Chemist: 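The structure's right below; bear with me while I get my questions together.
For reference, positions follow the sequence shown, starting with 1. Order of appearance sets the numbers: ligands from 1, and atoms from 1 within every ligand. Please read these numbers as outputs of a predicted model, since none were measured by experiment.
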Amino acid sequence: MTVTSSRPVRVRIAPSPTGDPHIGTAYIALFNYVFAKKHGGKFIVRIEDTDQTRFRKDSESMILDCLKWVGLPWDEGPDVGGPYAPYRQSERTQLYREYSDVLLNKGHAYRCFCTSERLDTVRKERMSQKLQGGYDRHCRDLPWPEIEKQVKNGIPFTVRMKMPLSGNTTFNDGLRGPVSFENDGVDDQVLLKSDGFPTYHLANVVDDHEMQISHVIRGEEWISSTPKHVVLYDMFGWQRPEFTHLPLLRNADKSKISKRKQPTSINYYRRKGILPDALRNYLALMGWSYGDDKEIFTTQDMIEHFSIERMTLGGPVFDLEKLAWINGHYMRSLPSDAYVSHLREEIFSADALSKIVPLIRERIEKFEDFIGASYFFFSGDLKYDPQLLMPKGRTPAEAAAILTDALDALEVLESWTVADITAAMEGFLAAKNLKAKDVYMPLRVATTGSKETPPLFDSMAVIGKEMVRRRIRCAATLLLSLPMPEQSPAPAKSPAGKN
Ligand code: GLU
């Protein structure tokens with residue numbers, strides 16, 4: 001990443017509000033923030049919410065809350081405004097349509113009238129013939145009268161960019177140097193969908209240009225989109241930003257970090273009692289080294305010492321133990337009053353207690369019993385008695401399958417209320433033809449560690465989705481690690497088979 005004096009440094013993160021705020025967003029945000037501060041630039045948050053099918057209502061406020069908590073204040077964004085407002089793409093759709101027209105008028109884009117059925121067939125055919133790209137560019141050179149006729153008849157169309165048919169597209173990556181793609185392997189990307197909404201590619205390029213973004217620092221999953229983006233910059237005649245693609249966070253098995261293998265929600269780490277300073281320090285180590293084997297440093301320290309040369313290209317493994325080690329350091333150095341405030345605000349907050357008390361108050365007679373009756377609301381991973389996790393007559397593998405299938409049914413929930421959880425679990429029981437006791441007891445033990453607890457779904461709602469998910473996974477992993485009982489039937493893939 002180089003900085004030219006002619007262009008003020010302006011960087012951004014552009015999260016899509018499609019789910020729980022992801023730890024990867026905090027990681028990319030940290031590097032953008034540090035880069036901006038290092039160079040006296042601006043750090044911007046833009047919400048990319050044009051994909052209506054993936055959009056989730058509360059996600060934007062959750063993302064902003066989480067980033068605030070992480071401690072990476074932005075200079076411009078949907079909540080604070082700024083000179084290039086609005087910072088929410090759904091409020092900028094007119095602009096994308098105008099720029100799509102610019103490309104059509106310049107002959108750099110075309111209307112594609114292909115139906116989704118045709119596109120499906122073509123994609124499959126091309127795949128079976130091992131051809132590059134999924135679209136055959138059928139509409140790229142339609143004669144003008146044909147186009148006029150289709151438009152007049154109200155045939156819906158998308159707008160596609162005309163990728164060059166030969167040669168290479170090359171851009172310079174801040175970490176990798178020149179990166180080249182053969183153009184005939186890059187599809188004629190759809191820029192505007194038939195509903196008039198832009199795709200990510202058009203909106204992203206238009207906004208980065210309009211918002212004067214000087215450096216695009218994002219995850220490496222976007223590298224293959226970048227040739228499309230640089231061609232768009234060239235078509236519009238705009239100055240390209242400098243691109244840097246950061247290595248993705250990985251699971252221990254080196255696959256891309258995923259919530260199936262470990263918690264990815266920022267809220268999980270907050271709920272777990274990770275301090276924001278520790279999280280930033282840890283995320284910094286994922287992509288950069290301070291030098292001198294120094295592992296504990298503040299974000300301010302990082303800003304002062306930051307340089308691209310000490311960024312790493314390897315796939316950094318997100319290691320919970322290392323994070324805990326760093327957190328321990330920050331926790332121990334907290335002054336006592338800050339320590340107590342943290343406990344009051346994050347662990348024993350009035351909000352948390354007011355949710356827990358109604359579930360406990362009928363169950364105890366002395367306040368001294370409160371902690372014992374409610375510890376599982378406050379603690380992290382639990383210790384299990386494996387026998388309690390197994391419904392009568394089931395093998396450990398069957399019990400594990402019940403838990404992971406139940407988790408699949410919970411996983412899809414967008415909101416996590418008692419009513420949502422109840423409906424999901426009742427639907428699951430009916431769909432798999434399972435008895436309540438076979439599911440609810442292991443689920444209760446997995447999520448609370450005990451057989452005697454307040455109502456299960458109320459407890460799950462208070463514990464929170466991320467923590468419930470984590471505990472169910474840990475319980476299933478424990479079950480699968482048990483020796484298989486002799487003469488037990490082969491592990492059932494789905495517990496439904498039993499009934
Ligand atoms: N909206 C994209 C995302 O969700 C932004 C990618 C980019 O930074 O260009 O990550």
Side-chain angles (χ1 to χ4, degrees), residues 1 9-36 41-56 58-64 66-67 70 72 74 76-78 84 86-93 95-96 161 171 173-176 179 181 189-191 193 197-233 238 240-249 256-259 264-266 283 287:
M1 281 179 273
V9 168
R10 292 178 54 81
V11 294
R12 69 359 176 227
I13 53 159
S16 298
T18 54
D20 285 341
H22 198 279
I23 196 73
T25 305
Y27 162 70
I28 301 290
L30 172 72
F31 280 89
N32 275 281
Y33 174 85
V34 165
F35 186 76
K42 298 275 189 241
F43 171 52
I44 294 141
V45 173
R46 179 175 74 228
I47 297 292
E48 300 208 327
D49 58 348
T50 58
D51 187 346
Q52 297 295 305
T53 53
R54 297 173 59 225
F55 180 72
R56 271 187 45 191
D58 303 330
S59 182
E60 175 186 319
S61 59
M62 269 163 42
I63 292 172
L64 298 181
C66 278
L67 287 171
V70 174
L72 300 167
W74 46 97
E76 298 167 29
Y84 300 95
Y87 292 89
R88 199 176 282 122
Q89 288 188 329
S90 57
E91 293 166 21
R92 303 167 64 83
T93 50
L95 187 70
Y96 312 127
M161 69 187 287
F171 61 90
D173 183 277
L175 281 176
R176 297 165 182 77
V179 177
F181 284 83
Q189 177 63 50
V190 172
L191 300 176
K193 293 179 273 186
F197 271 83
T199 58
Y200 153 73
H201 305 277
L202 177 66
N204 187 271
V205 166
V206 164
D207 284 346
D208 282 347
H209 167 73
E210 288 274 323
M211 296 179 180
Q212 304 281 315
I213 299 302
S214 59
H215 295 74
V216 169
I217 305 169
R218 61 184 170 195
E220 71 191 345
E221 76 262 45
W222 301 104
I223 280 199
S224 59
S225 298
T226 307
K228 297 172 186 173
H229 298 181
V230 297
V231 167
L232 282 173
Y233 280 98
W238 295 338
R240 299 176 182 183
E242 291 203 35
F243 291 94
T244 297
H245 294 91
L246 301 185
L248 294 179
L249 303 179
K256 177 182 164 186
I257 195 170
S258 63
K259 62 182 175 195
T264 54
S265 162
I266 299 173
L283 291 174

Chemist: Looking only at protein heavy atoms, identify the closest one to atom 8 (O) of ligand 1 and say how far it is in Å.
Modeler: Arg12 NH1, 2.7 Å

Chemist: Centre-to-centre under 6.0 Å for Tyr200 and His229, is that the case here?
Modeler: yes

Chemist: As a test of understanding, state which of Tyr84, Tyr96, Trp238 forms a ring pair (Phe, Tyr, Trp, His ring centres under 6.0 Å) with His209.
Modeler: Trp238

Chemist: Give the ring-plane orientation class for Tyr33 versus Phe43, where under 30° counts as parallel, over 60° as perpendicular and anything between as tilted.
Modeler: perpendicular

Chemist: Counting only heavy atoms closer than 4.0 Å, does ligand 1 sit against the backbone of Asn204, its side chain, both, or neither?
Modeler: side chain

Chemist: Measuring from Asn32:CG to Ile44:CD1, what's the distance to the nearest 0.5 Å?
Modeler: 9.5 Å

Chemist: Distance to 0.1 Å, residue and atom name: give those for the protein heavy atom nearest to atom 2 (C) of ligand 1.
Modeler: Ala14 O, 3.3 Å

Chemist: Return the OG1 to CG distance between Thr18 and Asp49, rounded to the nearest 0.5 Å.
Modeler: 10.5 Å

Chemist: Any idea which atoms of ligand 1 are less than 4.0 Å away from a heavy-atom of Glu48?
Modeler: 1 (N), 2 (C), 5 (C)

Chemist: Return the closest protein heavy atom for atom 10 (O) of ligand 1 as residue, atom name and distance.
Modeler: Trp222 CZ2, 3.5 Å

Chemist: Can you tell me which residue and heavy atom of the protein come closest to atom 4 (O) of ligand 1, and the distance to 0.1 Å?
Modeler: Ser16 OG, 3.2 Å

Chemist: For the residue pair Tyr27 and Phe31, does the interplanar ring angle fall in the parallel (under 30°), tilted (30 to 60°) or perpendicular (over 60°) class?
Modeler: perpendicular

Chemist: Which ligand 1 atoms are under 4.0 Å away from a heavy-atom of Tyr200?
Modeler: 2 (C), 5 (C), 6 (C), 7 (C), 9 (O)

